[in-house]
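Since we're looking at a predicted model, the values are computed, not measured.
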Number of protein chains: 2
Amino acid sequence: MSSPRPIDDRLITTFGRLVEAYSQLERRLGGALQAETGLPHVWFEVLLRLARSSQGQLTMSTLADEAALTTSGVSRLVDRLLAAGYVERRPCPTDRRITYAAITDAGREVLDRAAVVHARNLRRTFADFDPDDLNTLDALLDRLRRTATA
Amino acid sequence: MSSPRPIDDRLITTFGRLVEAYSQLERRLGGALQAETGLPHVWFEVLLRLARSSQGQLTMSTLADEAALTTSGVSRLVDRLLAAGYVERRPCPTDRRITYAAITDAGREVLDRAAVVHARNLRRTFADFDPDDLNTLDALLDRLRRTATA
DNA sequence: CAGATATGCTTGCAGAATCAGATATTGACA
DNA sequence: TGTCAATATCTGATTCTGCAAGCATATCTG
């Protein structure tokens with residue numbers, strides 16, 4: 001016969017868990033990545049999206065969406081990646097408003113090196129998750145991602 | 001017969017999904033919360049932990065752990081919450097190094113109001129998740145949180 | 001009990017993200 | 001065509017966060 005306080009709402013707790021799980025993992029894995037490869041986690045995520053895209057390039061806006069940053073944030077982030085030699089800016093031949101961020105060979109190199117390290121750390125973190133668990137998690141996260149984007 | 005590039009590692013993709021799902025939700029729901037109640041999402045999370053704790057108070061360190069911030073970050077955050085009148089600092093009678101952050105009545109009020117709004121937004125976001133889905137998600141996130149903390 | 005070490009919190013400084021606003025280009029439509 | 005709205009990006013000011021260092025208090029050890 002407990003009084004249902006607003007703060008005890010079930011979904012608030014679930015969402016809190018998501019926040020906490022993400023933050024802990026981000027801190028631990030992101031920190032390890034940077035310590036072992038010198039690559040900040042955000043850089044890794046950005047380079048990853050670029051490397052996986054068809055021409056190795058994305059518009060600033062698309063990149064902002066995928067990295068969950070503002071275009072402003074991406075603009076400066078690309079500045080730093082540019083200074084490091086990991087990306088370059090390319091004009092769009094058909095729409096002069098658009099600038100592409102394109103990954104360089106140097107970018108692909110550090111990314112590949114970092115990916116190996118990151119994958120190893122992830123295997124340790126997810127050690128007691130069997131394939132079924134992972135599939136379930138993937139599916140749930142994907143649904144969340146899509147409902148949030150919509 | 002695809003060459004297995006390091007960046008196509010399965011866990012990297014899963015983790016990428018977690019990052020994206022979290023970021024999208026945080027942006028959308030956090031933004032909505034602030035727009036509709038004036039309460040930044042971090043403030044909400046902090047007040048929530050305090051309100052749920054036994055005496056309505058936690059040490060700065062504990063709060064830092066739970067909110068996934070550094071003690072430094074919490075120190076300043078509590079400064080701001082203090083200025084807003086939502087928390088107060090209390091000395092610990094037995095250990096004078098410790099400072100408690102305690103939620104005030106005003107803090108509980110805004111928190112309750114915000115919780116109602118937040119819960120409504122969450123119900124919309126999780127509309128097509130049935131109880132089984134939620135339980136599964138909870139369990140997986142909890143395992144992740146614990147492996148990360150360990 | 002004295003000295004060394006550990007713990008809890010706060011502050012100076014610097015890095016990075018956001019918001020708001022400016023600029024440039026494109027597309028739509030009367 | 002000329003004007004107006006929409007789109008894509010960048011920049012200035014502000015805010016928040018973390019790291020490193022510092023101060024005060026507590027605990028351990030010989």
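A donor-acceptor contact under 3.5 Å is not formed by the side chain of A/S72 with the base of D/dC10. A donor and an acceptor atom never sit less than 3.5 Å apart when one is taken from the side chain of A/S61 and the other from the base of D/dT7.
Note: B/F126 and B/F129 have perpendicular aromatic rings, judged against thresholds of 30 and 60 degrees for the angle between ring planes. By the 30° and 60° cut-offs, the orientation of the rings of B/F15 relative to A/H118 is perpendicular.
The separation between B/M60 atom CE and D/dC23 atom P is 20 Å, rounded to whole Å. The separation between B/I98 atom CD1 and C/dC9 atom P is 6 Å, rounded to whole Å. Atom CZ in B/R97 sits roughly 6 Å away from atom P in D/dA26 (whole-Å rounding). In this structure, B/E26 atom CD and C/dT18 atom P are separated by 11 Å, rounded to whole Å. When rounded to the nearest whole Å, the span between OH of B/Y100 and C1' of C/dC9 equals 14 Å. Separating the NE2 atom of B/H41 from the C1' atom of C/dT18 is a distance of 17 Å, rounded to the nearest angstrom. If you measure from atom CG of B/D65 to atom P of C/dG8, you get 10 Å, rounded to the nearest angstrom. Spacing between atom CD of A/Q34 and atom P of C/dA16 amounts to 9 Å, rounded to whole angstrom units.
Classification of B/D65 and B/R49 as a salt-bridged pair fails, no side-chain N sitting under 4.0 Å from a carboxylate O. The residues A/E66 and A/R52 are annotated as not salt-bridged, no charged nitrogen and carboxylate oxygen being separated by less than 4.0 angstrom. Salt bridge status for A/R76 with A/D79: absent, with no side-chain N to carboxylate O gap under 4.0 Å. Salt bridge annotation for B/R108-B/D112: absent, with no cationic side-chain nitrogen under 4.0 angstrom from a carboxylate oxygen.
Pairs of Watson-Crick or G-U wobble type, with distances under 3.5 Å, assemble into runs of 3 or more in DNA chain C at these ranges: C:1-30 with D:1-30.
Of all heavy-atom pairs between A/T62 and A/T59, the closest is OG1-OG1, 2.7 Å. Counting all heavy atoms, side chain and backbone alike, A/E88 lies closest to A/T104 at N-CG2, 4.0 Å. Shown here for B/D128 and B/D133, the closest heavy-atom pair between the two residues is O-OD2, 4.2 Å.
Close to D/dT25, at under 4.0 Å from its OP1 or OP2, lies a side-chain N or O of B/R96. Here A/R89 reaches the OP1 or OP2 of D/dC10: one of its side-chain N or O atoms lies under 4.0 Å away.
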Can you check nucleotides 15-17 of chain D for protein contacts, nitrogen or oxygen pairs under 3.5 Å, and list what you find?
{"from": "D/dT17", "atom 1": "OP2", "to": "B/R80", "atom 2": "NH2", "distance (Å)": "2.7"}

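Nucleic acid contact for A/T99: sugar-phosphate only, since backbone atoms but no base atoms lie under 4.0 Å from a heavy atom of the residue.
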